[in-house]
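Below: one structure, written as structure tokens.
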Amino acid sequence: MNTLDAIKTRRNIKKFKPEEIDQNSLLSWLEAAAMAPNHRMTEPWEIYFIGAETREKLNHKTNFGNAPIVLMILSKHGATSVETEENAMATACYIQNFNLAAWAEGVGTFWSSIGITPKNRGILQVPDDYNIIGVLGVGYPDVIPEPKTRTPIKNRISNLP
């Protein structure tokens, strides 16, 4: 699948097949995602695999669509507030790279913000000097939603003098 097709066809998957994901493929997508742009090569992302016990404590309404894999992606705080924000943006790019790499090989993701509440930060044992950028369900899609209508990009473009 070429890059534009991956971008245009990727969907947030809410229901997964129980099939396991090949670990070598998963690691290759995580590795490829690290090519995300990041200021001063901070590589601020940290990846945690979330096990069944923690998933149960999180009590997600759909158990992440019964995805066979659930990942938490953290962003390390920087030395300044600007660097912390840069790190969060870079980590979001990391996640998008991962999502596209997986999608290109037929694997979908569900990007959740469940980790942002204080209760869930505690369940996930997130250190104070990290932000949770996303909790991802990862697996083969059982259902691929239809694309939602997007605002034409020409309506989002402005020119500065």
Side-chain angles (χ1 to χ4, degrees), residues 1-38 43-76 85 87-127 130-153 155-156:
M1 179 179 303
N2 73 43
T3 305
L4 285 178
D5 287 341
I7 291 168
K8 289 178 179 181
T9 63
R10 190 209 57 80
R11 301 285 177 267
N12 202 35
I13 302 301
K14 296 185 179 174
K15 187 174 179 189
F16 296 91
K17 295 177 182 176
E19 293 174 49
E20 294 297 318
I21 303 298
D22 176 74
Q23 291 299 302
N24 289 327
S25 295
L26 179 64
L27 291 175
S28 76
W29 306 328
L30 291 168
E31 187 71 35
M35 297 307 291
N38 60 103
E43 298 179 298
W45 40 81
E46 298 286 336
I47 301 101
Y48 288 77
F49 284 79
I50 298 176
E53 183 179 319
T54 303
R55 283 173 77 161
E56 188 174 320
K57 288 178 186 175
L58 286 171
N59 194 28
H60 184 266
K61 63 185 173 187
T62 69
N63 189 24
F64 304 96
N66 293 316
I69 295 171
V70 176
L71 303 172
M72 174 175 62
I73 313 294
L74 302 179
S75 174
K76 184 162 181 50
E85 193 168 335
N87 286 353
M89 288 183 238
T91 304
C93 291
Y94 177 92
I95 291 172
Q96 182 69 347
N97 279 358
F98 173 80
N99 289 347
L100 292 171
W103 187 255
E105 294 192 30
V107 173
T109 57
F110 172 77
W111 189 339
S112 170
S113 60
I114 192 171
I116 63 171
T117 67
K119 175 187 172 197
N120 289 338
R121 278 183 68 90
I123 291 169
L124 294 165
Q125 303 174 31
V126 178
Y130 282 84
N131 290 323
I132 299 175
I133 306 303
V135 176
L136 307 178
V138 182
Y140 290 99
D142 190 30
V143 175
I144 300 174
E146 289 296 318
K148 294 180 181 173
T149 303
R150 306 291 172 135
T151 303
I153 200 63
N155 296 352
R156 301 281 182 185

Exercise. What distance do C93 atom SG and F98 atom CZ have between them, rounded to the nearest 0.5 Å?
Worked result: 15.5 Å

Exercise. Should M72 and I132 count as side-chain neighbours, where that means a heavy-atom distance under 4.5 Å?
Worked result: yes

Exercise. Can you name the side chain to side chain donor-acceptor pair (under 3.5 Å) partners of N131, sequence neighbours left out?
Worked result: H77

Exercise. Who pairs with R150 by side chain to side chain donor-acceptor pair (under 3.5 Å), at least two apart in sequence or on another chain?
Worked result: none

Problem set entry | Minimum side-chain heavy-atom gap T91-I73 below 4.5 Å | yes

Exercise. Taking atom CD1 of I114 and atom CG of L124, what is their separation to the nearest 0.5 Å?
Worked result: 8.0 Å

For this session: Using side-chain contact (heavy atoms from CB on, under 4.5 Å) as the criterion, list what pairs up with P18, not counting sequence neighbours.
Result: none

Exercise. So which pairs with a foot in residues 131-142 pass salt bridge (charged side-chain N to carboxylate O under 4.0 Å, His left out), sequence neighbours left out?
Worked result: K15-D142

For this session: With rounding to the nearest 0.5 Å, note down the distance linking NZ in K14 to CD1 in I144.
Result: 14.5 Å

Problem set entry | Side chains of V143 and I13 in contact at under 4.5 Å (non-hydrogen atoms) | no

Exercise. How close do G139 and V107 get, heavy atom to heavy atom, and via which atoms?
Worked result: O-CG1, 3.5 Å

Problem set entry | Partners meeting side chain to side chain donor-acceptor pair (under 3.5 Å) with K76 (sequence neighbours left out) | D129

Exercise. Do other residues, nucleotides or ligands put more than 12 heavy atoms under 6.0 Å from Q96 CD?
Worked result: yes

Problem set entry | Selection residues 17-36 - residue pairs positive for salt bridge (charged side-chain N to carboxylate O under 4.0 Å, His left out), sequence neighbours left out | none

Exercise. Taking only residues two or more places apart in sequence, or in another chain, which ones meet N120 in a side chain to side chain donor-acceptor pair (under 3.5 Å)?
Worked result: T117

Exercise. Applying salt bridge (charged side-chain N to carboxylate O under 4.0 Å, His left out), which residue pairs with at least one partner in residues 102-126 are found, sequence neighbours left out?
Worked result: none

Exercise. For the atom pair CZ (R55) and CG (L58), what is the distance rounded to the nearest 0.5 Å?
Worked result: 9.5 Å

For this session: Please examine the side chains of L136 and I69, heavy atoms only from C-beta on, and report whether any two atoms are closer than 4.5 Å.
Result: no

Exercise. If you draw a 6.0 Å radius around CD in E43, do more than 12 non-hydrogen atoms from other residues or ligands fall strictly inside?
Worked result: yes

Exercise. Side chains of T109 and N99: donor-acceptor distance under 3.5 Å anywhere?
Worked result: yes

For this session: Could you tell me which non-hydrogen atom of A67 sits nearest to which non-hydrogen atom of G137, and how far apart they are?
Result: CB-CA, 3.7 Å

Problem set entry | V138 side chain reached by L71 side chain, heavy atoms, under 4.5 Å | yes

Problem set entry | Heavy-atom closest pair, residues P141 and G106 | CD-O, 3.4 Å

Seminar exercise, completed: Looking only at heavy atoms, the pair that brings P44 and N38 closest together is CD-CB, 4.2 Å

Exercise. Can you list every pair that meets ring-ring contact (aromatic ring centres under 6.0 Å, His included) and has a residue in residues 43-62, with sequence neighbours left out?
Worked result: W45-Y94, H60-F64, H60-F110

For this session: Could you pull out all residues at least two apart from T149 that satisfy side-chain contact (heavy atoms from CB on, under 4.5 Å)?
Result: none

Pairs under 3.5 angstrom only: tabulate donor-acceptor contacts from the side chains of residues 4-11 to other protein residues two or more places apart or in another chain.
unit_1	atom_1	unit_2	atom_2	d
D5	OD2	N2	ND2	3.3
T9	OG1	D5	O	2.7
T9	OG1	W103	NE1	2.8
R11	NE	P145	O	3.3
R11	NH1	K8	O	3.1
R11	NH1	T9	O	3.3

Exercise. Taking only residues two or more places apart in sequence or in another chain, which ones pass salt bridge (Lys or Arg N to Asp or Glu O under 4.0 Å) with E53?
Worked result: K57

Exercise. Which value, rounded to the nearest 0.5 Å, describes the distance between I21 atom CD1 and L27 atom CG?
Worked result: 12.0 Å

Problem set entry | Residue M35 excluded, over 12 heavy atoms near CE under 6.0 Å | no

Problem set entry | Minimum heavy-atom distance between G134 and W111, given as atom pair plus value | CA-NE1, 3.4 Å

Exercise. For A88 and I133, which heavy atoms make the closest approach, and how far apart are they?
Worked result: CB-CD1, 3.8 Å

For this session: Walk me through it: do T151 and R156 pass the test side-chain contact (heavy atoms from CB on, under 4.5 Å)?
Result: CA-CA 8 Å; T151 303; R156 301 281 182 185; 3.3 Å; yes

